[in-house]
There are 2 protein chains.
Amino acid sequence: MPEPLGEFQRRMLEFIVNYIRREGMPPTNREIGKAMKIASTGHVDYHLSMLEKRGYIVREAKKSRGIKLTRHPWGIPVEGTIAAGEPIEIFSEPDQTIEVGHGVDPESSFALVVRGQSMIEDHICDGDYVVIKRQRTCENGDIVVAVHLVEGIPGKATLKRFFLEKEQVRLQPANAELEPIYIPRDEWDREWEIQGKVIAIVRHYGGPGRAA
Amino acid sequence: MPEPLGEFQRRMLEFIVNYIRREGMPPTNREIGKAMKIASTGHVDYHLSMLEKRGYIVREAKKSRGIKLTRHPWGIPVEGTIAAGEPIEIFSEPDQTIEVGHGVDPESSFALVVRGQSMIEDHICDGDYVVIKRQRTCENGDIVVAVHLVEGIPGKATLKRFFLEKEQVRLQPANAELEPIYIPRDEWDREWEIQGKVIAIVRHYGGPGRAA
DNA sequence: CATTGACTCGAATAGCCGTTCTACTCTTGA
DNA sequence: TCAAGAGTAGAACGGCTATTCGAGTCAATG
């Protein structure tokens with residue numbers, strides 16, 4: 001749906017989103033202009049109409065601060081489904097978001113829907129949302145999203161506890177029926193990547209298609 | 001901190017909260033006046049200054065729509081701690097809130113912090129937040145907050161799965177080491193009350209005092 | 001009765017807001 | 001070179017906004 005945006009308009013949208021998050025209300029055209037170093041209010045109006053035409057915002061004509069975001073400002077994107085068991089491709093979800101807040105920075109976080117039972121002993125179930133903080137490193141015992149790189153590009157991903165051992169990395173499921181994945185250090189460094197670690201989980205009961 | 005509010009100002013604050021939730025921006029004084037059937041904008045300003053003096057809102061002088069709520073609009077209150085094991089008094093938490101959204105109606109929902117392991121087989125852990133939808137009835141198998149009434153007033157509460165059986169109600173923990181609570185139908189009707197059922201859980205990792 | 005305090009209205013004001021218009025400067029491509 | 005399009009500035013306009021002021025009502029209190 002949304003067309004890609006130029007650098008300038010992308011920064012302008014970013015300012016609007018941050019302003020709303022900070023102030024609890026949308027900015028006026030003049031406030032936008034001041035922040036973006038635009039001298040003319042008409043000029044701001046021009047860019048806003050661009051953002052509107054491309055589906056990023058909706059405006060209410062003539063109303064002061066009449067800007068609405070088409071995506072929920074507090075949501076973080078649900079980027080797809082991840083296997084807790086065997087690594088699978090992260091299957092992308094259509095533009096879904098989940099609201100979290102509570103200290104979660106939406107810029108550096110995203111969510112995945114868990115498939116499978118392999119983290120069940122850590123009480124992460126099929127259908128749960130895991131909230132991931134993007135980071136390239138982690139500590140022993142963290143639950144992480146680990147991605148296998150195939151010729152440098154991300155391939156299959158899995159959700160596991162991370163343990164750095166003498167000669168290898170151990171990706172440990174939380175299910176007695178499943179074996180850990182052992183990866184030699186050099187292969188780990190060459191072919192694997194940490195995408196982030198789990199900072200929260202959210203489970204909905206009774207909703208459509210959720211775990212009971 | 002907040003002084004109690006008269007009926008009129010309470011409804012006015014409620015309108016403002018709902019307007020923000022609906023429109024994504026605070027209302028203008030005139031919009032408030034129209035909704036509250038107040039003819040004069042000065043009159044609206046008067047009541048707004050009352051709300052501000054009593055700590056319910058903060059205003060930014062001269063700014064259009066310059067109203068901020070002092071409590072987070074999307075949060076639902078964390079009302080206390082509930083035992084998943086033996087019934088305990090619901091221990092009240094200080095004005096904490098947790099952000100949920102995602103279709104959860106803040107008017108009819110609240111959250112509790114879980115203590116104990118008795119719902120562990122349903123993968124609800126010590127330290128998890130359970131989001132409760134207020135309702136007096138429930139269906140078999142729902143996870144509910146059940147309260148024992150002592151002379152009509154709420155006493156101890158517990159978190160269990162609810163099953164209505166022939167001659168009794170069974171409150172079933174999800175922990176093989178614990179026994180269900182059986183309550184005869186007439187005692188149930190006289191002395192117990194459903195406060196609501198679990199519609200979601202939220203778990204934070206790595207934060208202060210959370211379950212690892 | 002007189003007073004006080006809470007609440008209400010109507011009008012006025014100064015400034016803010018979104019929008020529109022004209023004119024100008026670039027860059028791109030035919 | 002010429003035309004088209006995107007981006008910029010400045011000014012102007014009509015409407016909207018928050019705030020203030022003066023005056024009035026009503027109930028409770030002394």
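What's counted below: heavy atoms across the whole structure, side chains too, no hydrogens, waters or symmetry copies. Throughout, protein chains are lettered first and strands after them, A, B, ... in sequence-line order, and every chain is numbered starting at 1. Keep in mind it's a predicted model, so treat the numbers as computed, not measured.
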Please determine whether salt bridge (Lys or Arg N to Asp or Glu O under 4.0 Å) holds for the pair B:Glu14 and B:Arg11, giving the CA-CA distance in whole Å, both sets of side-chain angles, and the decisive distance to 0.1 Å. CA-CA 5 Å; B:Glu14 187 182 343; B:Arg11 282 203 302 122; over 6 Å; no
Take A:Lys34 and A:Glu31, measure what salt bridge (Lys or Arg N to Asp or Glu O under 4.0 Å) needs, and give me the verdict at the end. CA-CA 5 Å; A:Lys34 193 171 176 186; A:Glu31 285 166 338; over 6 Å; no
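- Atom CE in B:Met50 sits about 7 Å away from atom P in C:dA6, given to the nearest Å.
- Taking the centre of each ring, A:Phe162 and A:Trp188 come in below the 6.0 Å mark.
- Counting to the nearest Å, the C1' atom of D:dG7 and the NZ atom of A:Lys37 are 18 Å from each other.
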Scoring nucleotides 10-27 of chain C by protein non-hydrogen atoms under 4.0 Å (B base, S sugar-phosphate only, - none) yields B------BBBB-------
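- A:Asn140 contributes a side-chain N or O that, together with a main-chain N or O of A:Leu164, makes up a donor-acceptor pair within less than 3.5 Å.
- Here the options are A:Glu191, A:Glu193, A:Lys156, the test is side chain to side chain donor-acceptor pair (under 3.5 Å), and the partner is A:His148; only A:Glu191 passes.
- The number of heavy-atom neighbours closer than 6.0 Å to CZ of A:Arg185, taken from other residues, nucleotides and ligands shown, is 12 or below.
- Regarding B:Ile67, its CD1 atom lies at a distance of 12 Å from the C1' atom of D:dT17, rounded to whole Å.
- If you measure from atom CZ of A:Arg54 to atom C1' of D:dA6, you get 10 Å, rounded to the nearest angstrom.
- For the OP1/OP2 pair of C:dA6 and a distance below 4.0 Å, the side-chain nitrogens and oxygens of B:His47 include no atom meeting the criterion.
- The separation between B:Glu52 atom CD and D:dA18 atom C1' is 13 Å, rounded to whole Å.
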